[in-house]
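The next block holds one structure in the form of structure tokens; read it before the comments.
These figures come from a predicted structure and were not determined experimentally. Protein chains get the first letters and strands the later ones, always in sequence-line order, with residue 1 at the start of each.
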Number of protein chains: 2
Amino acid sequence: MSLPHAILTALLEKPSSGLELTRRFDKSIGYFWSATHQQIYRELGKLERDGAIRALPRQGVTRGQKKEYEVLPAGRDELARWTAASQDPKPLRDTLLLRLRAAAVVGTAGVQEDLHRHLVLHQRQLAEYEEIEKRDFPPGKDAVEDRLRHVVLRAGIDLETFWTQWLTRTIEELEAP
Amino acid sequence: MSLPHAILTALLEKPSSGLELTRRFDKSIGYFWSATHQQIYRELGKLERDGAIRALPRQGVTRGQKKEYEVLPAGRDELARWTAASQDPKPLRDTLLLRLRAAAVVGTAGVQEDLHRHLVLHQRQLAEYEEIEKRDFPPGKDAVEDRLRHVVLRAGIDLETFWTQWLTRTIEELEAP
DNA sequence: CGGAACATGTAACCTGTTACATGATTTC
DNA sequence: GAAATCATGTAACAGGTTACATGTTCCG
């Protein structure tokens with residue numbers, strides 16, 4: 001039950017069409033809540049039926065024509081309610097860790113190469129986040145909204161840092177005699 | 001497509017019944033791949049139909065009677081194949097981060113209390129993992145299988161460490177003047 | 001014998017993924 | 001006018017969640 005809220009947040013930040021949202025879910029919002037265009041169109045339909053958002057008046061056909069949405073008061077209220085409600089952290093689910101555990105019973109063939117590959121991917125993501133931090137959060141910006149967006153980015157940076165460190169250490173550990 | 005492989009791993013570590021598996025998915029394996037008993041029974045049925053596992057002979061009724069499963073060669077082969085195959089890391093999906101981003105548009109009401117609550121939960125989980133490390137991985141155990149299981153536990157410890165640090169810092173940051 | 005704990009399952013639903021379909025606009 | 005790109009969708013399926021159903025064993 002979070003995709004609708006991710007969409008409401010994105011639309012409040014800036015009214016958009018389905019495709020524009022899809023693009024934004026490949027960056028920004030997508031860094032901590034990813035979604036494909038199929039999911040987004042389906043959810044936009046539901047949100048519109050429920051009166052949480054509305055399409056900006058733009059007479060004409062449905063197919064092939066850009067359709068911009070904006071959030072209605074009911075949608076904003078629902079987002080505020082959801083944001084304030086307490087939620088438990090979700091238990092971890094990670095295939096790489098599962099594969100290492102499986103490797104303890106069926107052998108490490110293939111896993112080690114993938115550790116290297118993941119290390120590179122996480123290093124790249126880390127570099128990208130650090131670039132964004134430098135660009136969007138220069139020292140001195142400290143309105144509450146900026147601080148909130150900054151701590152979220154910080155979580156991304158710290159997580160990628162964790163992965164690169166853990167992977168480096170794990171690769172050494174498994175290659176040791 | 002990972003639940004069957006999690007179950008195969010668990011069954012190779014030790015043949016078990018559905019309920020025993022459910023219990024083990026609340027600890028151990030469940031620390032990085034959780035599953036409910038409904039999922040487990042459904043998946044056991046599929047794995048048995050596919051010839052990956054079999055129920056140990058135990059004549060009698062089906063309902064209410066314990067049914068132990070063991071992995072067949074086909075199941076072990078499939079697990080080895082899956083473990084060796086390269087897989088991309090899944091993009092992050094975290095509701096707490098999404099809520100903070102939403103809070104930048106609808107206000108921080110309610111979120112701050114939840115940050116405190118999550119901090120306590122992550123501290124508890126961290127303590128539990130450290131307890132397990134002390135108990136199960138005393139210095140000197142270094143067969144490959146032990147090393148593999150140890151690095152997985154290490155990932156859990158490092159992740160919980162990340163969360164506690166990030167939450168502490170974030171709480172300070174948001175409570176600052 | 002009645003209730004708690006053990007044990008296995010079914011059904012309905014929601015979310016996410018994959019593959020495909022279709023129309024509109026721009027560009028060469 | 002053909003191809004690329006923009007833009008919105010449909011359908012089928014896979015996986016996860018929630019609620020419920022049912023039988024067995026143990027213990028007081």
Side-chain angles (χ1 to χ4, degrees), chain A residues 1-8 11 15-26 29-30 32-50 53-56 58-69 82 87-95 98, chain B residues 1-8 10-11 15-26 29-30 32-50 53-56 58-69 78 82 87-95 98:
Chain A
M1 271 295 289
S2 300
L3 177 59
H5 304 99
I7 291 178
L8 288 171
L11 286 180
S16 306
S17 66
L19 194 61
E20 277 161 8
L21 277 177
T22 303
R23 298 254 162 78
R24 291 171 62 198
F25 273 82
D26 282 338
I29 303 263
F32 49 88
W33 204 273
S34 60
T36 62
H37 85 270
Q38 292 89 339
Q39 274 179 284
I40 290 170
Y41 284 117
R42 179 162 60 183
E43 204 61 43
L44 283 172
K46 271 193 218 168
L47 287 168
E48 192 177 18
R49 272 203 311 283
D50 296 351
I53 62 174
R54 63 161 192 164
L56 292 183
R58 164 83 65 141
Q59 71 296 343
V61 214
T62 40
R63 254 183 193 227
Q65 284 295 338
K66 198 157 134 176
K67 216 158 90 184
E68 288 233 312
Y69 292 96
W82 177 83
Q87 274 181 258
D88 283 334
K90 277 211 139 187
L92 178 60
R93 268 203 180 176
D94 189 279
T95 43
L98 181 54
Chain B
M1 271 298 288
S2 300
L3 177 58
H5 304 100
I7 290 178
L8 288 171
L11 287 180
S16 305
S17 66
L19 195 60
E20 277 159 10
L21 278 177
T22 303
R23 299 253 161 78
R24 291 172 60 198
F25 273 80
D26 282 338
I29 303 263
F32 48 90
W33 205 273
S34 60
T36 61
H37 85 270
Q38 293 89 339
Q39 275 180 282
I40 289 170
Y41 284 116
R42 179 162 59 182
E43 204 61 43
L44 283 171
K46 272 192 215 166
L47 287 168
E48 193 178 16
R49 273 203 310 282
D50 297 350
I53 61 173
R54 65 161 190 163
L56 293 182
R58 163 83 66 139
Q59 69 297 342
V61 212
T62 39
R63 250 175 198 233
Q65 284 294 338
K66 198 156 133 176
K67 217 158 89 185
E68 288 233 313
Y69 291 96
E78 166 56 21
W82 178 83
Q87 274 181 258
D88 283 333
K90 278 211 138 186
L92 177 60
R93 267 204 181 176
D94 189 279
T95 43
L98 181 54

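- A:His5 has its NE2 atom 10 Å from the P atom of C:dT15, to the nearest Å.
- At a threshold of 4.5 Å between non-hydrogen side-chain atoms, the residues A:Leu3 and A:Ile7 count as touching.
- Close to C:dT25, at under 4.0 Å from its OP1 or OP2, lies no side-chain N or O of A:Lys66.
- For B:Glu20, the salt bridge (charged side-chain N to carboxylate O under 4.0 Å, His left out) partners are B:Lys66, not counting sequence neighbours.
- Here A:Ser16 pairs with A:Arg24 under the side-chain hydrogen bond (donor to acceptor under 3.5 Å, both in side chains) rule; sequence neighbours left out.
- Put simply, the side chain of A:Leu21 reaches to within 4.5 Å of the side chain of A:Leu11, judged on heavy atoms.
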Protein-to-nucleotide contact annotation, 5' to 3' order, nucleotides 14-19 of chain D [B base; S sugar-phosphate only; - none; under 4.0 Å, heavy atom] = -SBBBB
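- The side-chain contact (heavy atoms from CB on, under 4.5 Å) test applied to B:Ser34 returns A:Pro91, A:Arg93, not counting sequence neighbours.
- Judged as a side-chain hydrogen bond (donor to acceptor under 3.5 Å, both in side chains), and not counting sequence neighbours, the contacts of A:Gln38 are A:Thr36.
- Every residue two or more places apart in sequence or in another chain that forms a salt bridge (charged side-chain N to carboxylate O under 4.0 Å, His left out) with B:Arg54 is listed here: B:Glu70.
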Dot-bracket notation for DNA chain D, counting Watson-Crick and G-U pairs under 3.5 Å, with | for partners on another strand | ||||||||||||||||||||||||||||
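- Taking the side-chain contact (heavy atoms from CB on, under 4.5 Å) definition, one finds that B:Pro89 meets it with A:His118, A:Leu121, A:His122, sequence neighbours left out.
- With sequence neighbours left out, the side-chain hydrogen bond (donor to acceptor under 3.5 Å, both in side chains) criterion links B:His37 to no other residue.
- Taking B:Glu43 as the reference, nothing meets the salt bridge (charged side-chain N to carboxylate O under 4.0 Å, His left out) condition, with sequence neighbours excluded.
- The CD-P distance, from B:Gln87 to C:dT17, rounds to 14 Å in whole Å.
- At a non-hydrogen distance threshold of 4.0 Å, nothing from residues 17-26 of chain A comes into contact with DNA chain C.
- The distance between atom CD1 of A:Ile40 and atom C1' of D:dC6, rounded to the nearest whole Å, is 15 Å.
- Looking at residues two or more places apart in sequence or on another chain, you find no side-chain hydrogen bond (donor to acceptor under 3.5 Å, both in side chains) involving B:Asp50.
- One interatomic measurement links the two molecules: NZ of A:Lys67 to C1' of C:dA24, which rounds to 15 Å at whole-angstrom precision.
- If you measure from atom CD1 of A:Ile7 to atom C1' of D:dT8, you get 14 Å, rounded to the nearest angstrom.
- Listed pair B:Tyr41 / C:dG9 fails the phosphate criterion, with no side-chain N or O lying under 4.0 Å from OP1 or OP2.
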